[in-house]
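Below you'll find the structure, written out as structure tokens, and then a few comments.
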Amino acid sequence: MSHSNESLLLIDGHSLAYRAFHALPVENFSTSTGQSTNAIYGFISMLINVLRDEEPSHVAVAFDLGRQTFRLEEYPEYKAGRAKTPPEFHPQIDLIKDIVTAMGIRVVTKEGFEADDALATMARMGTEAGADVEVMSGDKDSFQLASETVTILYPKRGVSDLNRMTPNAVEEKYGVTPANYRGLAALVGEKADNLPGVPGVGDKTAAKWLAAHGDLPGVLDNAEKIGGKVGEKLRDHITEVERNYRLNRLLDDVDLDLKFDDLVWGEGDPAELSSLFDQLEFQALGKRLAAIFPEAAGAEAEAAPPRETTIAAVDVDALLSHLADHDVLALDSDASFELGHGQARVLAVSAEPGQAWVVDLAEAGERSLTKLGSALGKRSLILHSAKLQIKAWASMGLSVADVGGDTALAAYLLVPDARSYELGQIASERAGIDLSEPESDSGQLALDLDSDATATTHGQRAAALLEVHEVLAAALDEANMTQVYRDIELPLVPVLARMESTGIAVDEGGLSNLIDEFTKQAEASAQEAYDAIGHEVNLGSPKQLQTVLFDELDMPKTKRTKTGYTTDAEALAELFVKTEHPFLQHLLAYRDSTKLKQTVVGLLKTVADDGRIHTTYQQTVAATGRLSSLDPNLQNIPVRTESGRRIREIFVADPEVADGCLLTADYSQIEMRIMAHLSGDAALIQAFKDGEDLHSYVGSKVFNVGIDEVDSEMRSKVKAMSYGLVYGLSAYGLSRQLAIGVDEAKGLMEQYFERFGAVKDYLDEIVDQARANGFTETIMGRRRYLPALHSDRRQLRDMAERAALNAPIQGSAADIMKIAMLKVASRLEDLQSPMLLQVHDEIIVDVRPDEIDAVKAIVTEEMGSAFELDVPLDVNVGTGRSWHDAAH
DNA sequence: ACTTCAGCCA
DNA sequence: ACGTGGCTGAAGTA
């Protein structure tokens, strides 16, 4: 028993990480980007447990550094013959070191020595300082360190249980004192270190000899006296035993350049720790960590102590007088927008970091809102998720036309595939500002606002924005994305806000009729399906369908899904070819009708009071730079089937405008054109310049026939392949899609690449570049980071490669469309025809009858000239009463 | 509340 | 395992 209340915990990082690696299956532990985490998870889990149980005052984790050790110098075969560590292991060691450091724990390494030697040295230092010492190691050599003051924590099977090896425990298990453990190990040998001992001698014999002769030198001196076969063996292997004895001694006098008190368990860096846990997607572990490290609790970690912010509640007039001297303002509010109606009560305005004024918009009169609007209009405004807020304010009578900065957009450009862009997280990660929920009775506010918490929250957000935006803007600059940010994404915000607020008119009566019609069709198909099998079943349940198809009807099994066998349309069609069972046809018909019905029902629910549907465009969702649309999604309205197209008939021109029409304008084959441009393939570029039918032209090259001899079958094969290439299609995938052999598909692809060699070079190069740079780039410099290209998991790596192929193409198309929208919107400002929708390569404008020619000219010119490629950008335009009729 | 399956779009 | 990027709704599981 030590009288000290100090305790030192020493950990052999490498041996424990290695154990964890083998205890936890690597396939079950990896992040979405493909980083393997099993060793990290197991190690940190063990570490958290032991820290919680032992509560040491001092801690160190030792790692081996480099391969060259004094042991290896003396005995080149030391540790030879070990199975190669899998490639997934080593990258995890660096992350473990980072986490340990962030936990306030000293990482110790020393060139030329093993972790064990560092542990022995520190154990001696601890003992000399009067501390209790615990050494956690998966290496049995550490048993020689056990003493009155030093206990070895040795993991049993797995990673959760530890054996406490005191001197008594060592003696009980091996029959020798810790001091003699070295001798025992030297006699027995250590397979893992490639140190053979005396053949035929195990723990028992070695212990007996050591007991009889005191210690190993005693045993060796008396080797002649030991009889029997084993005695002979001992005498034959004295050199090896002596070598083992030299090598397995742990050095306790390594110069580590540190004192005992350097090992005090410090505060670490909770923000860094939290960010590492986020990055590694450790959620449950984060909570366990929080128990011993409250400061790093989960993702919402406090990055810094809450800063002093000054928030003052004022009225609009007071606010206006405060604003006089400031050109850049940060704004935040409790904005919401649903079904065409926006609302905001609290508006927070900050003119410098750490400071904000808060006004109650509900109390402001129309005149002061107008004045406020014009004051804000003269300044550069920084917001987070600006679009929602300016839409909401517009419905309150406060109009803001321009956005000077948007921290959500900036963060999106920097990491376009992040899960979310919440201000609290960005502020914490990028600027070290803590925006966790304020206490509701902070009392700073003087209170004509009925809820302090809301006002304080938005005040603090506004007060943080200027600083957060500055950090993000600098990062964008560093990544050469300032242009995409300032010239594309920011100006697009008010354009999209306007489109959303306007919405598109729908024919509600027509919608209801469609619902009736599709419902009747679905019911009829369902009845026929039931009749075909003699009973009812939930046709919407894949699980119940599987019972019917594979158990009752005994059909051949389809492709596996996670939970059974697929019943998707493709598989059902194949089953029908094989079985000709009428149930399948009726099921497919039922699926079609219910799908359409669902779509129409969904649309009807979203019609606002003004008889229009207001979708919301997400500007920070698609990792490639596209927009997405939700609530409802107007980018997936059916078009391929005749009955599907009928849904497009209910989207109509503004009924308030007599003889108005919808105009659609779309890019023709924009992705293939971008592919031609980026690859510089002369043949492909020429085809576009000549205005050939692309797929017939490519078909004539691939099949080596005249362009007029390309039949429809050839054309459709080539079409599938051309599009597939943009997505990283494999020969197997192509063969599946075209229902041809893999060999034929492979031959087609080879022919293609023979004729369009630059395309192949480009596709290869793009992946190589992404691998080297860590990201892909569009024509405007928009980036997408793909760390999974270096994943050790094949499937993730392949997915990342396909994403790398596609991102520059899909993303460049998105860039071009966004630029075109800005140009079109700017020219439409002088007219009365609003832009309503965007569907990736198509825009829809509501055109007044007297403006048809002007709008046609505008969209053709501006879309066609949005970006100069080596091939022309073709634009098709059509007009009609409905979206359906405007198709061309 | 969350996941899986299926199906719609470019 | 085998083509990118999205959103929605129903069923099934917790």
Side-chain angles (χ1 to χ4, degrees), chain A residues 416-417 537-546 558-572 587-588 590-603 605-606 615-618 620-641 643-645 647-648 666-672 675 720-738 742 745-746 749 763 776 784 786 793-811 813-814 817 837-843:
Chain A
D417 53 3
V537 61
N538 184 347
L539 297 172
S541 161
K543 204 180 157 196
Q544 296 182 38
L545 287 176
Q546 287 172 51
T558 54
K559 218 171 62 179
R560 279 221 65 115
T561 64
K562 275 182 191 166
T563 54
Y565 301 93
T566 184
T567 66
D568 65 20
E570 191 192 337
L572 294 182
L587 172 58
L588 284 166
Y590 169 82
R591 283 241 180 101
D592 284 345
S593 315
T594 42
K595 176 72 185 177
L596 293 172
K597 179 190 150 197
Q598 251 181 36
T599 305
V600 183
V601 168
L603 287 174
K605 280 186 201 149
T606 64
T615 186
T616 303
Y617 289 102
Q618 299 287 106
T620 60
V621 167
T624 52
R626 274 190 180 180
L627 298 176
S628 77
S629 153
L630 56 80
D631 207 17
N633 182 357
L634 293 186
Q635 290 178 324
N636 71 342
I637 301 303
V639 70
R640 284 173 200 175
T641 63
S643 39
R645 280 194 291 276
I647 298 178
R648 294 191 171 218
D666 64 40
Y667 281 119
S668 121
Q669 292 160 335
I670 187 168
E671 293 195 343
M672 287 307 296
M675 168 100 106
M721 183 160 53
S722 291
Y723 278 107
L725 287 175
V726 178
Y727 305 137
L729 185 68
S730 66
Y732 175 85
L734 185 63
S735 77
R736 288 280 321 221
Q737 196 191 315
L738 298 176
V742 179
K746 205 182 257 177
M749 290 181 79
L763 292 175
T776 61
R784 176 168 184 188
L786 292 163
R793 288 172 58 190
R794 169 79 179 277
Q795 196 188 341
L796 293 178
R797 213 170 50 234
D798 286 353
M799 281 170 61
E801 283 181 11
R802 294 192 293 267
L805 289 180
N806 179 252
I809 298 171
Q810 189 183 116
M817 181 49 112
L837 302 179
Q838 186 252 41
V839 190
H840 308 306
D841 64 0
E842 170 185 14
I843 57 174

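Labels below follow one simple rule: chain letters A, B, ... track the order of the sequence lines, proteins then strands, and each chain is numbered from 1. All heavy atoms count here, side chains included; hydrogens, waters and symmetry mates do not.
- dG7(B) atom C1' lies 9 Å from atom CG of Asp568(A), rounded to whole Å.
- The CG-C1' distance, from Leu545(A) to dA10(C), rounds to 12 Å in whole Å.
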**Report entry** nucleotides 3-9 of chain C: protein proximity per nucleotide (B base, S sugar-phosphate only, - neither; heavy atom, under 4.0 Å)
**Finding:** BBBBBSS
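- Taking atom NZ of residue Lys597(A) and atom C1' of nucleotide dA10(C), one finds them 12 Å apart after rounding to whole Å.
- Nucleotides dT3(B) and dG3(C) place their P atoms 26 Å apart, quoted to the nearest Å.
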Query - CA sep, side-chain torsions, deciding dist, call: Leu634(A), Leu603(A), side chain to side chain contact (heavy atoms under 4.5 Å, CB included) - result: CA-CA 9 Å; Leu634(A) 293 186; Leu603(A) 287 174; 3.9 Å; yes
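- Taking a cutoff of 4.0 Å between a charged side-chain nitrogen and a carboxylate oxygen, Asp798(A) and Arg802(A) do not qualify as a salt bridge.
- Heavy atoms of Asp666(A) sit nowhere under 4.0 angstrom from any nucleic acid atom.
- Across the protein-nucleic acid pair, Glu671(A) atom CD and dC9(B) atom P stand 16 Å apart, rounded to whole Å.
- What separates CG of Leu587(A) from C1' of dG7(B) is a distance of 13 Å, to the nearest Å.
- What separates OH of Tyr590(A) from P of dA6(B) is a distance of 15 Å, to the nearest Å.
- Using a 4.0 Å heavy-atom cutoff across all strands shown, Ala569(A) reaches sugar-phosphate atoms only and no base atom.
- Contacts of Leu805(A) with the nucleic acid, taken as non-hydrogen atoms under 4.0 Å apart, are absent.
- Between Gln544(A) atom CD and dA11(C) atom P there is a gap of 9 Å when expressed in whole angstrom units.
- A sub-4.0 Å separation between OP1 or OP2 of dA6(B) and a side-chain N or O of Arg591(A) is absent.
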